[in-house]
There are 2 protein chains.
Amino acid sequence: MRVGITTIAKMLNLSPSTVSRVINGKGNFSEETRKKVMDAVKEMNYIPNSIARKLQQKETKLIGVIIPDITETFFASVIKGIEEVLSEKGYNIFLCNTNENADKERKYVDLLYENRVDGIIVATVRNNIASDDILFNGNIPFIFIDNTPNEGNQFNSVTTDNFLAGKMAADYLISKGHTKIAAIMGKQDETTGRKRFEGFLKGLEENSISKDESLYKFCDFKEASGCRAMEELIEQKGFTAVFIASSKMVYGALWAVKKAGLVVPDDISIIGFDIIDKYQVISPGITSVIQLEDEIGKSSAKLLIEKIKNKEDKLYHQLYMEPKIIERESVKNIM
Amino acid sequence: MRVGITTIAKMLNLSPSTVSRVINGKGNFSEETRKKVMDAVKEMNYIPNSIARKLQQKETKLIGVIIPDITETFFASVIKGIEEVLSEKGYNIFLCNTNENADKERKYVDLLYENRVDGIIVATVRNNIASDDILFNGNIPFIFIDNTPNEGNQFNSVTTDNFLAGKMAADYLISKGHTKIAAIMGKQDETTGRKRFEGFLKGLEENSISKDESLYKFCDFKEASGCRAMEELIEQKGFTAVFIASSKMVYGALWAVKKAGLVVPDDISIIGFDIIDKYQVISPGITSVIQLEDEIGKSSAKLLIEKIKNKEDKLYHQLYMEPKIIERESVKNIM
DNA sequence: GCGCTTATAGCAAACGTTTGCTCATAACTA
DNA sequence: TAGTTATGAGCAAACGTTTGCTATAAGCGC
């Protein structure tokens with residue numbers, strides 16, 4: 001039904017090889033045949049079959065992108081960044097949304113292998129990937145973003161410097177005079193969550209503020225748990241500021257604050273995480289550590305392409321993006 | 001380097017065909033050879049080559065999903081819905097983010113054709129697709145979501161009933177006693193924007209409220225234009241309520257309201273669009289018409305799969321999802 | 001004219017599967 | 001016992017390209 005390169009060849013009394021060469025513009029052919037072929041291509045509405053080409057070339061120009069939840073603005077922005085550089089370089093995205101399900105993630109990795117993608121970018125929800133996992137043993141280049149499982153350096157990654165992010169949050173609050181600082185942290189089995197907390201503690205330590213374990217709540221990054229944590233803190237008392245390590249937990253926490261009849265920042269100062277809120281629809285504006293989302297996407301895509309072009313290069317790159325703080329109105333200066 | 005079906009066949013003194021049949025579990029083979037093959041598969045770490053399989057079967061199990069901006073929560077949610085049903089049915093997503101660029105969209109369509117995707121779901125930014133466009137003339141099933149270009153019924157689509165949405169907004173405001181109603185509308189060359197406005201006008205008409213063209217501002221769905229429109233309206237005066245037809249324009253408009261020192265809903269009542277805000281971080285909460293985002297995703301995926309299974313079926317399906325209104329605190333009852 | 005280079009284009013293998021057909025053998029059926 | 005059916009497995013074509021190698025003819029220097 002559909003015309004292929006051979007159909008055209010037959011029609012023009014040429015061999016498939018010449019037609020192929022004309023279409024791809026490589027090799028030698030006369031201007032005359034070039035024109036004949038191109039005309040036929042147009043007239044017969046020929047559409048190259050990438051599948052066949054990919055089989056031949058052992059290159060699919062497809063990149064698997066595995067993320068937990070495309071609905072989180074962070075990941076959406078990352079993907080946007082990825083797409084931008086990928087499409088420019090002729091690569092395309094095979095999208096895998098895992099719904100934060102480790103099992104689905106594993107299956108998607110298998111699928112990507114079967115589909116012979118040229119590379120993989122993965123924001124994993126697995127906290128420890130077995131060293132005999134296909135990811136580590138297959139020969140498809142891959143980059144971890146956001147969360148890096150496992151210790152050691154045997155992989156490439158692009159992440160925010162979460163340790164620094166946590167430290168910056170502590171430093172900031174301290175610089176505003178706070179010393180009784182609570183924290184609502186994400187999962188500690190993920191590097192994203194753990195490093196933020198470690199950095200936070202480091203910030204306290206460097207400023208000679210002693211730890212108060214009772215003020216640190218560990219949640220799952222989601223709204224509901226942030227709300228619950230804040231409720232507990234409000235009941236406990238004994239703090240003037242809170243570092244909340246994800247945007248969703250901030251939303252949940254704000255809800256708890258409102259329900260308790262308290263006011264930010266008069267009663268409680270808050271420094272959040274990933275609160276972009278470009279048009280300040282939240283009031284008071286929440287001062288927040290933010291990650292450079294699309295930079296993470298772009299950098300990971302660039303790094304991956306480098307790895308693909310240069311497969312023998314066994315060097316491991318681990319890129320850390322510096323976070324920023326956006327000052328808004330949620331932290332009271334009590335100096 | 002990598003083992004294929006033939007490598008295994010050779011190793012076991014079998015023919016590729018039997019190996020293939022064992023792996024796919026179709027055809028006849030003895031339990032003995034089944035075991036031999038399966039063992040070899042495991043031991044040699046055989047990974048099927050989907051590309052080869054796809055070439056042979058003329059089926060890629062790939063669905064092209066074209067959207068303007070994955071960063072908009074609406075599209076992210078739609079995609080999530082799509083992924084859910086697609087992955088369950090063994091299909092995968094070839095993601096195309098067009099950045100609202102019609103040209104890029106066109107190129108992506110070509111690319112999808114070259115890649116022989118089994119189907120396409122497209123939220124187009126093109127307001128009129130030529131009738132000789134490949135989409136309409138190729139033989140790949142496709143579904144429009146969100147925005148449907150062209151008149152007529154020669155395509156499948158899944159969209160919110162935007163006319164109804166606009167009408168519901170008008171009806172709601174009127175039911176609260178408002179009669180001087182402004183509107184900040186999106187692009188009128190897209191059905192999404194136009195139908196919302198038409199429905200809105202219909203609502204006025206049915207309630208015998210005469211039109212006041214000066215109160216209707218036409219924007220581009222984005223924050224900045226929403227802000228500007230609201231500034232104009234505030235300057236003009238002469239209204240008690242506004243219908244704002246996109247979430248981003250609501251954010252922009254709120255900004256303008258705040259800057260003008262006015263208060264919602266005391267000075268201005270607002271009914272927005274697509275304001276999900278599950279945890280009410282915006283205050284006052286914005287009453288809003290909302291679309292069932294993931295339902296749109298799921299339904300479009302289901303419909304597409306149906307079309308793929310049933311290519312001869314030349315029936316066109318146009319599904320309209322009923323919007324909902326979420327009542328919050330941004331509309332004052334002045335009855 | 002002779003050898004040599006260069007420009008064109010064809011041949012055929014390869015990429016890794018799937019599948020219709022054939023074939024041999026074993027197992028029934030009457 | 002002959003004829004039919006079921007079972008297990010191989011052959012080879014096909015899917016639509018790309019590409020290394022080869023063949024032919026023309027162009028050129030001498």
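Worth knowing before you read on, the calculation uses all heavy atoms, side chains too, and leaves out hydrogens, waters and symmetry mates. Below, chains carry the letters A, B, ... as their sequence lines are ordered, and counting in each starts from 1.
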- Item | Residue pair B/T192, B/D146: steps toward the side chain to side chain donor-acceptor pair (under 3.5 Å) verdict | CA-CA 7 Å; B/T192 37; B/D146 193 45; 4.9 Å; no

- Base versus backbone protein contacts along nucleotides 16-26 of chain D [heavy-atom cut-off under 4.0 Å; B, S, -]: BBBBB------

- Query: What is the bend of the helix from C/dG1-D/dC30 to C/dA30-D/dT1 when you compare the axis at one end with the axis at the other, using five pairs each and rounding to 10°?
  - Reply: 40°

- side-chain contact (heavy atoms from CB on, under 4.5 Å) involving A/N24 - partner list, sequence neighbours excluded: A/S20, A/K26, A/R53

- Grab the NZ-C1' distance between A/K10 and C/dC11 for me, whole Å please. 15 Å

- Message: Once you apply a heavy-atom cut-off of 4.0 Å, does A/L14 come out as touching a base, just sugar-phosphate, or nothing?
- Response: sugar-phosphate

- May I ask you to say whether A/K54 pairs ionically with A/E59, meaning some side-chain N is under 4.0 Å from a carboxylate O? no

- Ion pair present between A/K36 and A/D39, side-chain N to carboxylate O less than 4.0 angstrom? no

- Task: Indicate yes or no: does B/R106 engage B/D110 in a salt bridge with an N to O separation below 4.0 Å.
- Result: no

- Task: Mind running side chain to side chain donor-acceptor pair (under 3.5 Å) on A/S157 and A/T159 for me, showing each step along the way?
- Result: CA-CA 6 Å; A/S157 63; A/T159 64; 5.2 Å; no

- How would you list, by chain and number, every residue that makes a ring-ring contact (aromatic ring centres under 6.0 Å, His included) with B/F155, sequence neighbours excluded? B/F144

- Query: Will you find, in the side chains of A/T98 and A/E105, an N or O donor that is under 3.5 Å from an N or O acceptor?
  - Reply: no

- Note on the structure: In whole angstroms, the gap separating C1' of D/dG8 from CG of B/L12 amounts to 15 Å

- Electrostatic pair A/R34:A/E31 at N-O distance under 4.0 angstrom: yes

- Note on the structure: Applied to residues 73-84 of chain B, the salt bridge (Lys or Arg N to Asp or Glu O under 4.0 Å) test, sequence neighbours excluded, yields A/D69-B/K80, A/K104-B/E83, B/E84-B/K298

- Query: Going by number, which of residues 28-35 of chain A have a non-hydrogen atom under 4.0 Å from DNA chain C?
  - Reply: A/N28, A/F29, A/S30, A/T33

